[in-house]
Protein chains: 2
Amino acid sequence: MVSRNDNASRTKKRRSNAIAQERKAPDRRKQVTEAAARSFATFGYKGTTMDQVAKLAKVGKGTIYTFYANKEELFNEIMTGLIRDLREVAEETLDPSLPFADNLMNVLHRVLDYRDRHALAVKLSQEVRDIGTPEAKEGLETVERAIIGYIARHVKEAADKGEIRPCPPELTAYMMLKMYLALTAEGNHLHEPLGRDEVLRHFRVYCIEGLAVR
Amino acid sequence: MVSRNDNASRTKKRRSNAIAQERKAPDRRKQVTEAAARSFATFGYKGTTMDQVAKLAKVGKGTIYTFYANKEELFNEIMTGLIRDLREVAEETLDPSLPFADNLMNVLHRVLDYRDRHALAVKLSQEVRDIGTPEAKEGLETVERAIIGYIARHVKEAADKGEIRPCPPELTAYMMLKMYLALTAEGNHLHEPLGRDEVLRHFRVYCIEGLAVR
DNA sequence: CGATTGACCAAATTGTTATTTTGGTCAGTC
DNA sequence: GACTGACCAAAATAACAATTTGGTCAATCG
């Protein structure tokens, strides 16, 4: 449990002037983090060994532990990065002058393009399904909560502005995520995998406009 | 695989005039089937042993095999019964003179009351989640397909009549089922378990009316 | 005589022990 | 002092023994 690396992950010191990072001086931390991201996305949490990460990062195993106290912390960093990336995509797509529904569709549109970004989530879902790795499960739930929280804030805002009907924001965000997953999940033999445009079109109908004729 | 019981499940012969079933003459088949239904709902597929069923049914183990060739066939009968019951509830609730949306809500209303009828499905879902019993998984998928097929027929009909927007019936039915499960699934710590009325109210919004203001 | 039963058996499951793999450390190298 | 990889305890896996379970059928019963 305890180790000399209690504060390892918060290593801020990057001495040797930050600007002259130009050539050489391989950034160990980046190597490790990227190798880990690739490995987790390819082999899942269990399937990723620290030796594996070290080899992929072309780094001695001990080096990993100068940045991350243990495997779980390394995994957390990767998952946090996923959340950060998603939020970033959303943030730079959102246009406050547009209606909620348009923003929703635009963000969806962009997120759907990051198939590789999904690779991690897909692999982890499969891992949870097949062997139920607790760490993978918890990681995914953290991402879900983050996404739901993010959507919920915007739903509440839109509801307050009268752009959409009044509705419980959290539950609505939850339903949106579920619909998104139902439409995109390929591990489902109940319906064919849908193309990006179909996903968008159907999401609009089921979520925004409703089935009722008007 | 093969056995003397190839046609066991299709035992139709119930000699000794069918009417005088009044007293005595314990109906072995019924005993077995009901005991199995109770056992599967309580202990799941794996947790149910043939000895257990025999004891519950107060019947020798061999007797079970005069009606069902094996455990899987017995399980199938139970699952088929569940589908039949659900369809029956729907059928006797449906009123052709009412709009699609009203019928949908009415059926939902009635189905939500059969908590005990859900017990089997709930137990099997849990079993699939926890230990992934393939038979349980397949059984649930059969039920899902039946429900989706049933809903899809009515969706298509309603769409043809112009009662709802045009939409792919199968996919729409699939989404409806997913929404229902998302709203009712209690194994979900992402949101509180909803009461019957809340489920109904939200289902109407998310599925029929949509979030858009009109 | 056909319906019913429970001891019986092969196969699958579970419990147990031996072997290997893996997360994490740290003395030594560069 | 950043970095490494042989090293170790603990966890995972494989190999094997003991138990349980699905399914059978000769014997029994009504």
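Per chain, numbering begins at 1; letters A, B, ... match sequence-line order.
Taking atom OH on A/Tyr45 and atom P on C/dT22, their separation rounds to 14 Å, with Å as the unit. Distance CD (B/Glu135) to C1' (D/dT21): 13 Å, rounded to an integer number of Å. When the C1' atom of C/dG24 is taken as reference, atom CD of A/Gln52 falls 17 Å away, rounded to whole Å.
Nearest nucleotide to the B/Phe67 side chain, out of C/dT4, D/dG23, C/dT25: C/dT4. With C/dT14, D/dT13, C/dG24 as the choices, the nucleotide that has an atom nearest any side-chain atom of A/Lys46 turns out to be D/dT13. The side chain of A/Val59 lies closest to D/dT4, out of D/dT4, C/dG23, D/dT24. When distances are taken from the side chain of A/Thr63 to each of D/dT4, C/dT13, D/dG22, the shortest belongs to D/dT4.
Neither OP1 nor OP2 of D/dC8 sits under 4.0 Å from any side-chain N or O of A/Lys61. Proximity of B/Thr49 to the phosphate of D/dT21: no side-chain N or O atom is located under 4.0 Å from OP1 or OP2. The phosphate of D/dT4 (OP1 or OP2) has no side-chain N or O of A/Lys58 nearer than 4.0 angstrom. For A/Arg28, no side-chain nitrogen or oxygen approaches OP1 or OP2 of D/dA2 to under 4.0 Å.
For the 3.5 Å distance criterion, the side chains of B/Tyr150 and B/Glu91 qualify, holding a donor opposite an acceptor.
For B/Glu138, the CD atom counts as loosely surrounded, since its 6.0 Å shell holds 12 or fewer non-hydrogen atoms of other residues, nucleotides or ligands.
In the interface, the side chain of A/Lys71 is not paired with the base of C/dG24 through any donor and acceptor atom under 3.5 Å apart.
Using a cut-off of 4.0 Å between Lys/Arg side-chain N and Asp/Glu carboxylate O, A/Asp102 and A/Arg204 are scored as salt-bridged.
Scanning both residues, A/Leu124 and A/Gly44, for their nearest heavy atoms gives CD2-CA, 4.4 Å.
Within 4.0 Å of A/Lys55, counting heavy atoms only, lies no atom of the nucleic acid at all.
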